[in-house]
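Just so it is clear, the structure is predicted and the values come from calculations on it, not from any experiment. Below, chain A is the first sequence line, B the second, and so on; all start at residue 1.
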Amino acid sequence: MLGAIASIGLLAAEAAEEAAAGPENPILPDLAEMIFGTLAFLIVFGVLARYAFPALNRILAERAARIQGEMERAEAARTEADRVLAEYREQLAGAREEANRIIEEARRTAEQLRRDLQAKAEQEAQATVARAQEEIRAERDRVFDELRAQVADIAVELAGRVVGQALDRAAHERLIEEYIDQVAGSNGSR
Amino acid sequence: MADLALLAQEAVNVGVPIGKGLVYGLAAIGPGIGIGFLVGKAVEAMARQPEAAGMVRTTMFLGIAFTEALALFGFVLSFIVS
Amino acid sequence: MTGLLAVLSTPPEGFHAPGTEIFQYAGNPELCLIGSGPLCIQKVTLLMLLSAVAISAFFLMAFRAPRLVPRGVQGVAEGLVDIVRRGVVLEVMGPDGLPFLPLLTTLFVFIWVNNSLGIIPLIQFPTTSRMAIPAVLAGLVWLVFNVVGIVKQGGLGYLKNVLFPPGVPAPIYVLVTPIEFVSTFLVRPLTLAVRLGANMIAGHLILTIFAVGCWYLFSHLWTPGADWVAGFGVFSFALLVFMTGFEVLVAFLQAYIFTMLTAVYIAGAMHPEH
C-alpha cells in the first residue's frame with residue numbers, strides 16, 4: 001500500500017517534470033517575442049506619432065479652415081442673394097403699381113373724353129334744332145308780314161270798288177267771289 | 001503492484017484533460033450568465049434612452065471587463081492545471 | 001478498468017486533434033529563420049516585425065502628401081483614426097482624451113492587424129495568440145494609466161482615490177480597499193492581456209481543428225471502401241468557413257475592446273470618481 005502511494009507520487013513528480021521540460025505553457029509570454037513585440041509596437045507608435053498624426057492634424061486643421069471659409073462665403077452669398085431678391089421684389093411691386101396707375105389714368109382720360117364728346121354732340125344737336133326753329137319762325141313772320149300788307153291792299157282796293165259801283169246783291173256776291181278767287185289766285189300764285 | 005502503477009499513470013493521463021475542461025467549463029458558467037444579464041440590461045437601457053447609448057455602452061464594456069475577468073481566470077487556471 | 005482507461009486516453013487511429021502544440025514557436029532552434037540562439041527571429045517575431053513595417057508603410061503612404069479631400073489610402077487611414085477618435089476617445093474620455101489619440105490608434109491598428117494575421121491566407125497565425133504581445137501591451141497600458149493618474153492627481157491623491165473611493169462608509173473600507181487594490185493594479189493588466197490572448201488562442205485553435213478535420217475527412221476520398229466518410233468533410237468545411245468569418249469579427253472586436261478599456265482606464269485616472 002505504501003509502495004502504491006509512493007509510486008503514484010513518483011509518477012506525479014515525473015509527469016510534472018515532463019510537463020516542465022516538454023511543451024511550454026501557451027499562457028506564459030516568451031522573452032524573445034516580448035522584445036520583438038515591443039520593438040514592433042514602438043516602430044508603429046513612432047511612425048504614427050512622429051509622422052502620421054502631425055500630417056493628419058495639419059490636414060484636419062486645413063480642412064476645418066477651408067470648410068469654415070466655404071461656409072462663411074456661402075453665408076455671404078446667401079445674404080447677398082436675399083438682398084437682391086428683396087430689391088427685385090420691391091421693384092416688381094413698384095412696377096405693378098405704376099402699371100395700375102397708368103391704366104387707371106388712361107381709363108379716366110377715356111371716360112373724360114367720352115363725356116366731353118357726348119356733351120359736345122348734344123350741344124351741337126340742340127344748336128341745330130334751335131337754328132332750324134329760328135329759321136322757321138323768321139320765315140313765318142316774313143310770310144305774315146307780306147300777307148298782312150297784301151290783305152290791306154286788297155281790302156283797300158275792294159273797298160274802293162264796293163264804293164264805286166251799284167251795290168246789289170248779285171254784285172256783292174260776285175265781288176266777294178272775285179275777291180276770294182283773287183286771294184286764292186294770288187295765294188296760289190305764290 | 002505494476003498494475004497499480006499503470007492504473008495511476010492512466011488516471012493522470014485521463015484526468016488532466018478532464019480536469020482542464022472542468023476548470024474552464026465551471027469558471028465560464030457564472031460570467032456567462034452575468035454577461036448575458038449585463039448586455040441584456042444595457043440593450044434595454046439603450047432602447048429606452050437612445051441618447052444615453054454612448055454612456056451606457058462605455059459602462060457596459062467596463063462591466064463586461066470586470067465580469068469576464070472571472071472566466072479569464074478559469075482559462076488561465078486550465079493551463080496551469082497539469 | 002485499465003483497459004477502459006487505456007482506450008479513453010489513446011487518441012483515435014489516424015486522426016490527431018491539434019492542441020496547444022500548434023502555438024510552439026519559441027525556444028526551438030530548428031524554427032529559427034534568421035539568426036540563432038534564444039533571440040533568433042522565428043515565424044512569430046518575423047510576423048510582428050513585418051506587421052509593424054506594413055502598418056508604418058501604410059500610414060506613411062496615406063499621409064505622405066495629404067489632400068484636403070481624402071481619397072484612396074488616405075481615406076482608409078482617416079477612417080481608421082476616426083473609429084478611434086469618435087468611437088473611443090470622444091465617447092469615453094471626451095475632448096480631454098485627444099492627446100492620447102496617437103497611442104490609442106496605434107494600439108487599435110496594431111492589435112487589429114496582428115489579430116487579422118490569423119485569417120490572412122498563407123500566414124494564418126495571429127501573433128496576438130502568443131501571450132507576448134498582449135502582455136507587453138497590457139504592461140504598457142498599466143504604466144500609462146498609472147503615470148497619468150500620478151501626474152494628474154499627485155502620487156498620494158491618486159492612491160487615495162483608487163484605494164479609498166469616496167462615498168463609502170468607513171468600516172466598508174476594510175473590504176473595499178483590498179478589492180480595489182487587486183482589481184486596479186493586478187486584475188486590470190492581467191485580464192487585458194489574457195482576454196486578448198485567450199480569444200486569439202481559442203479562435204486559432206478552432207480554425208485549426210476544423211481545417212485538420214476537413215483535411216482528414218476529405219483524405220478518405222482515396223481510401224477504397226471508406227470514401228463515404230469524405231462526405232462528412234463538407235460539414236467540417238462549412239463550419240471552417242463560418243468560423244473564419246466569425247474570426248474576422250472577433251479580430252476587430254478584440255482590438256476595439258482593448259482600445260476601449262485602455263481609454264476607460266486612462267479616463268478613470270484623469271478624472272477621479274465623481
Side-chain angles (χ1 to χ4, degrees), chain A residues 1 3-5 7-8 10-12 14-74, chain C residues 19-21 23-27 37-42 44-53 55-57 59-60 62-70 74 77-78 81 101-103 105-107 109-110 113-114 127-137 139-140 193-194 197-198 201:
Chain A
M1 191 63 201
I5 294 173
S7 72
I8 291 177
L10 202 73
L11 266 176
E14 251 178 46
E17 215 176 276
E18 216 174 86
E24 76 170 319
N25 198 331
I27 212 72
L28 295 176
D30 176 62
L31 181 67
E33 285 172 14
M34 280 171 83
I35 292 170
F36 283 109
T38 314
L39 193 65
F41 182 81
L42 288 182
I43 290 172
V44 176
F45 182 65
V47 167
L48 256 73
R50 187 76 201 281
Y51 297 103
F53 270 90
L56 176 66
N57 287 336
R58 190 160 42 77
I59 207 72
L60 282 183
E62 214 170 295
R63 194 176 297 159
R66 170 69 82 83
I67 289 171
Q68 182 77 24
E70 290 287 331
M71 273 165 69
E72 270 164 15
R73 210 171 310 150
Chain C
T20 52
E21 75 279 356
F23 297 100
Q24 299 305 318
Y25 280 99
L39 289 184
C40 74
I41 293 179
Q42 24 88 359
V44 178
T45 42
L46 183 68
L47 282 178
M48 289 174 188
L49 294 175
L50 284 182
S51 73
V53 171
I55 298 168
S56 307
F59 273 95
L60 282 180
F63 294 114
R64 189 192 51 213
R67 273 173 297 195
L68 271 186
V69 181
Q74 191 193 347
E78 284 194 16
V81 177
L101 185 59
L103 176 70
T105 310
T106 313
L107 275 175
V109 176
F110 188 70
V113 167
N114 277 290
T127 44
T128 38
S129 71
R130 299 285 298 154
M131 261 306 160
I133 288 183
V136 164
L137 295 186
L140 180 78
V194 173
I201 289 175

Under 4.5 Å to a heavy atom of chain A? For C:Leu46 that would be neither

Heavy atoms of C:Ala132 and A:Asp30 approach each other most closely as CB-O, 4.0 Å

Bottom line for A:Ile35: the part with an atom under 4.5 Å from chain C's heavy atoms is side chain

Turns out that what part of C:Leu50 lies under 4.5 Å from chain A's heavy atoms comes down to neither

Output for pair (A:Phe36 CZ, C:Thr127 OG1), nearest 0.5 Å, gives 14.0 Å

Per-residue tally against chain A (heavy atom, under 4.5 Å) across C:Pro102, C:Ala52, C:Ala62 peaks at C:Pro102

Whatever's closer than 4.5 Å to a heavy atom in chain C on A:Phe53 counts as side chain

Assert top hit (heavy-atom pairs under 4.5 Å, partner chain A, pool C:Val81, C:Ile201, C:Val53) equals C:Val81

Practice item. I would like to know whether C:Met131 and A:Glu33 meet side-chain contact (heavy atoms from CB on, under 4.5 Å); could you show each step before the answer? Key: CA-CA 9 Å; C:Met131 261 306 160; A:Glu33 285 172 14; over 6 Å; no

Value for CG (A:Leu39) from CE (C:Met48), rounded to nearest 0.5 Å, stands at 10.5 Å

In terms of heavy-atom contacts, A:Ala52 and C:Phe63 come closest through CB-CD1, 3.7 Å

Worksheet entry | Criterion side-chain contact (heavy atoms from CB on, under 4.5 Å) on A:Phe45 and C:Leu107, from CA distance to verdict | CA-CA 8 Å; A:Phe45 182 65; C:Leu107 275 175; over 6 Å; no

With chain A, the option among C:Val136, C:Val194, C:Leu68 that has the most non-hydrogen atom pairs under 4.5 Å is C:Leu68

Cut-off 4.5 Å, heavy atoms of chain C, and the answer for A:Leu56 is both

Applying a strict 4.5 Å limit to non-hydrogen atoms, the region of C:Pro70 in contact with chain A is both

If you tally heavy-atom pairs under 4.5 Å between each of A:Val44, A:Thr38, A:Leu42 and chain C, the highest tally belongs to A:Val44

Closest heavy-atom pair, A:Ile59 versus C:Pro66, reported as atoms and distance to 0.1 Å, is CD1-O, 3.6 Å

If you tally heavy-atom pairs under 4.5 Å between each of C:Ile133, C:Thr105, C:Val109 and chain A, the highest tally belongs to C:Thr105

When rounded to the nearest 0.5 Å, the distance separating CZ of A:Arg63 from CZ of C:Arg67 is 11.0 Å

